[in-house]
Amino acid sequence: MQSLLEQLKKSVSEALVSAFGTELTSSAPLVVPASNPKFGDYQSNVALSLPKKLKIAPRSIAEKIVENLKVDNFCETPTIAGPGFINFTIKPTYLATQLTTIQTDNRLGIEPVRSPQRIIVDYPSPNVAKEMHVGHLRSAIIGDCLARILEFVGHDVLRISHIGDWGTPFGMLIAYLKEAYPEALTTTEELNLGELSTFYRQAKKRFDEDENFREAARLSVVQLQAGDRETLLAWKIVCELSSRSYQKIYDLMGLSPEIEARGESFYNPFLPEIVTELEKLGLLEESDGAKCVFLEDFTNREGEPLPLIVQKSDGGYNYATTDLAAIRYRVNVDKVQQVIYPVGSEQRSHFAQIFQVGKRAGWITENHQFIHAYFGLVLGEDGTKLKTRSGEAIKLKELLDKAITLARKDLETRLQQEEREETEEFIDRVSQVVGISAVKYADLSQNRTSDYKFSYQKMLALQGNTAPYLLYAYVRVQGISRKGNIDFTKLTTDTQILLQEATEITLAKHILQLGEVITEVEKDLLPNRLCQYLFELSQKFNQFYDRCPILQADEPSRTSRLVLADLTARTIKLGLSLLGISVIERM
RNA sequence: GGGUGCGUAGCUCAGGUGGAUAGAGCAACUGCCUUCUAAGCAGUCGGUCACAGGUUCGAGUCCUGUCGCACCCGCCA
């Protein structure tokens with residue numbers, strides 16, 4: 001089903017051509033949702049942009065466009081206002097037909113894209129042996145959301161976690177494992193190495209304090225790269241241990257199970273080829289013993305061109321080399337058209353640099369889009385980087401647990417006030433969904449590109465643009481179904497939908513805008529637009545709910561309103577699922 | 001020093017391709033529960049869009065400069 005916005009754009013474009021000729025075929029119709037509902041539902045600003053080109057006054061242009069517009073099948077007669085805005089109002093009868101169409105559709109009328117692409121979303125990419133912390137929060141939440149949306153609209157999405165499982169720190173970890181848990185290498189039994197973060201901290205401590213240990217660590221790196229059997233085994237043990245640890249967090253967060261771990265070690269065999277290929281292409285230069293590609297438009301402190309080091313003076317490779325190998329592999333082997341990296345904005349220049357080299361090497365062509373979907377920092381309530389009192393990064397697990405605990409406290413208080421009795425199972429389930437949803441929604445509802453302040457109190461608030469507010473709107477609809485013994489799936493498809501009250505019409509229009517919003521998010525990769533839409537949908541539903549009795553209404557209003565309520569709930573459910581958030585029937 | 005981004009209501013934040021009187025939420029204040037969960041709804045209050053110029057019929061949005069804040073800047077990832 002074509003969205004109302006698309007239909008209008010098409011109509012305006014056609015009217016432009018029939019009014020002023022084919023030279024306007026490629027002019028954008030400039031149709032957007034109305035800036036103020038009193039003007040209508042949509043507006044076109046195109047007449048204001050053409051006076052110079054056409055040498056006609058904007059209002060006359062608008063008049064000619066309106067004369068040539070053929071929209072009377074779905075729109076009231078367009079009006080011209082102010083300097084030349086063309087305002088459109090959708091006919092309620094048309095809205096009713098559209099709602100009837102989507103009522104039987106699981107996808108709520110949203111068609112898959114015409115040309116699906118293969119797309120990699122690279123998240124959440126933690127580092128082995130380091131516990132996941134707030135820094136991974138946004139990558140996980142945003143990456144998961146973008147992957148879900150792209151997949152929903154029909155793309156072939158690969159979720160690849162580019163785990164930090166190689167490089168210098170591993171020498172330290174392996175040396176520590178050999179020293180502290182030598183039995184790990186000889187037994188097949190599963191070992192309890194304690195908390196991962198403790199393991200890492202102890203290894204780091206030994207590394208910082210003991211010169212001999214540092215030497216052992218360096219040796220381990222060499223052995224690892226040389227493929228020494230025992231060292232590889234130690235490496236594997238550490239990797240598997242952390243893999244289990246972050247799988248627990250993924251499950252708690254409800255991340256897509258399809259995430260494929262493909263760490264830096266995977267690209268290890270290709271690193272020498274990267275260097276030789278760059279050399280063949282004449283992009284490589286040697287500087288202070290390191291092999292570098294000198295970058296265009298990047299300079300160092302002295303204003304000289306900045307190098308991207310692909311092979312260190314000691315012969316080793318670094319993360320830029322691995323990232324380049326990943327780019328090449330993804331293009332040549334995975335055959336992707338698009339790769340999305342949801343990674344912090346502090347790495348903007350790093351990505352700009354590797355993308356530049358990828359392009360100059362000919363791996364990234366005009367048929368590929370490599371996008372750094374960067375995001376801002378998570379700040380504490382004091383506006384500085386979120387950390388514990390002692391200054392360490394907050395563990396992701398602790399952060400999520402705290403949200404769940406606080407959600408549980410809220411729920412228990414309410415149960416007491418309302419003198420409700422609920423099972424322990426119910427309380428567990430609701431606290432978990434509300435707590436996790438609150439954290440995810442608080443993150444996604446912010447513009448991805450800016451920093452935001454993390455506040456449990458605000459994200460768990462029952463009012464405002466929060467997950468609990470949206471979940472409550474959904475729960476209200478389910479309440480109607482329970483109270484009235486209504487099976488929404490059995491509402492007949494020949495139901496006549498009547499849109500009479502202002503709140504009914506407003507709600508209907510909003511339900512039908514989901515497709516426009518998803519198209520936008522697919523393009524801009526800004527999930528906050530979808531959050532904003534769902535928040536407004538919930539507000540409009542609550543207004544409708546307040547204003548229009550449903551179960552007590554006479555037929556045919558009763559059934560019509562039931563359909564409207566059901567469609568609202570299904571829209572919220574679908575929308576939230578695209579954000580990676582699940583719903584509950586009661587709360 | 002160079003680079004990138006940000007600065008919008010008391011607070012937290014939206015503002016699409018430059019377009020109509022700059023929007024939400026929170027907080028504060030005022031109403032609305034014999035009626036599907038009031039976890040709601042209706043309303044009031046609140047703005048020199050950091051500052052100064054410029055481009056434009058039109059600037060929160062584009063350009064230049066100034067101030068403030070954050071992040072990045074050769075062999076860590």
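Throughout, a chain's letter reflects where its sequence line sits, starting with A, and its residues are numbered from 1.
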Chemist: With RNA chain B as reference, determine whether A:Arg476 or A:Gln457 sits nearer its 5' end, using the nearest nucleotide of each.
Modeler: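 Upstream on the strand: A:Gln457.
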Chemist: Within the structure shown, what part of the strands sits under 4.0 Å from A:Ala352 by heavy-atom distance: base, sugar-phosphate, or nothing?
Modeler: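 The residue A:Ala352 makes no contact with any strand.
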Chemist: Which nucleotide in the set B:A20, B:C36, B:A14 lies at the smallest distance from any side-chain heavy atom of A:Asn528?
Modeler: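 Comparing B:A20, B:C36, B:A14 against the side chain of A:Asn528, the answer is B:A14.
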Chemist: Measure up the A:Phe213 and A:Tyr176 rings against each other and bin them: parallel (under 30°), tilted (30 to 60°), perpendicular (over 60°).
Modeler: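 Answer is perpendicular, since the angle exceeds 60°.
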Chemist: Looking only at the side chain of A:Lys52 (C-beta and beyond, no hydrogens), which of the listed nucleotides B:C57, B:G5, B:A20 gets closest?
Modeler: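 The answer is B:C57, which lies nearest to the side chain.
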Chemist: Evaluate salt bridge (charged side-chain N to carboxylate O under 4.0 Å, His left out) for A:Arg408 paired with A:Glu412, printing each intermediate quantity in order.
Modeler: CA-CA 6 Å; A:Arg408 190 188 178 94; A:Glu412 282 169 346; 3.3 Å; yes
Chemist: With a 3.5 Å cut-off and heavy atoms only, can you find an N or O donor on one side and an acceptor on the other between the side chain of A:Asn542 and the base of B:A42?
Modeler: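 There is none.
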Chemist: How would you label the contact of A:Cys548 with the nucleic acid (heavy atoms, under 4.0 Å): base, sugar-phosphate, or nothing?
Modeler: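 Base contact.
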Chemist: Can you label the angle between the A:Phe541 ring and the A:Tyr545 ring as parallel, tilted or perpendicular, going by 30° and 60°?
Modeler: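 A:Phe541 vs A:Tyr545 ring planes: tilted.
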Chemist: Quick one: label A:Arg420 by what it contacts on the DNA or RNA (base, sugar-phosphate, nothing), any heavy atom closer than 4.0 Å.
Modeler: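 Counting heavy atoms under 4.0 Å across all strands, the contact made by A:Arg420 includes a base.
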Chemist: Taking any heavy-atom pair under 4.0 Å as a contact, classify A:Glu536: base, sugar-phosphate, or nothing.
Modeler: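 Answer is nothing: A:Glu536 stays at 4.0 Å or more from every strand.
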Chemist: Using a distance-only criterion (donor-acceptor N/O pair, under 3.5 Å, no hydrogens), is the base of B:A20 paired with the side chain of A:Gln43?
Modeler: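 Side chain to base: pair found, below 3.5 Å.
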Chemist: Measure from the side chain of A:Leu377, starting at C-beta and using heavy atoms only, and say which of B:G40, B:C71, B:C13 lies closest.
Modeler: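 Side chain of A:Leu377 sits closest to B:C71.
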Chemist: Would you please confirm or rule out a distance under 4.0 Å between OP1 or OP2 of B:C41 and any side-chain N or O of A:Tyr469?
Modeler: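 The answer is yes; a side-chain N or O of A:Tyr469 sits under 4.0 Å from OP1 or OP2.
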Chemist: Over how many whole Å does the gap from A:Tyr452 atom OH to B:A24 atom P extend?
Modeler: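 My rounded result for the distance is 25 Å.
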Chemist: Name the nucleic acid region contacted by A:Gly82, choosing base, sugar-phosphate or nothing; use a 4.0 angstrom heavy-atom cut-off, strictly under.
Modeler: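 Counting heavy atoms under 4.0 Å across all strands, no contact is made by A:Gly82.
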Chemist: Categorize A:Val475 for me: base, sugar-phosphate, or nothing, with a 4.0 angstrom heavy-atom threshold over every strand shown.
Modeler: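 Answer is base: heavy atoms of A:Val475 come under 4.0 Å of a base.
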Chemist: Could you run through nucleotides 72-77 of chain B and give me one letter per nucleotide, 5' to 3': B if any protein heavy atom sits under 4.0 Å from the base, S if only the sugar-phosphate is that close, - if neither?
Modeler: SBBBSB
Chemist: Check the orientation of A:Tyr329 and A:Tyr267. Use parallel for under 30°, tilted for 30 to 60°, and perpendicular for over 60°.
Modeler: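 Perpendicular, since the angle between the ring planes exceeds 60°.
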Chemist: Name the closest nucleotide to the A:Leu48 side chain, picking from B:G40, B:A14, B:G19.
Modeler: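 Looking only at side-chain atoms, A:Leu48 lies closest to B:G19.
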Chemist: Just checking A:Asp165: base, sugar-phosphate only, or nothing, at a heavy-atom cut-off of under 4.0 Å?
Modeler: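 No contact.
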Chemist: If you only use heavy atoms from C-beta on, which nucleotide in B:C36, B:C13, B:A20 is closest to the side chain of A:Gln552?
Modeler: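 Closest nucleotide among those given: B:C36.
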Chemist: Are A:Phe85 and A:Phe39, when compared by the centres of their aromatic rings, separated by less than 6.0 Å?
Modeler: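 Ring-ring flag for A:Phe85/A:Phe39: false, centres at least 6.0 Å apart.
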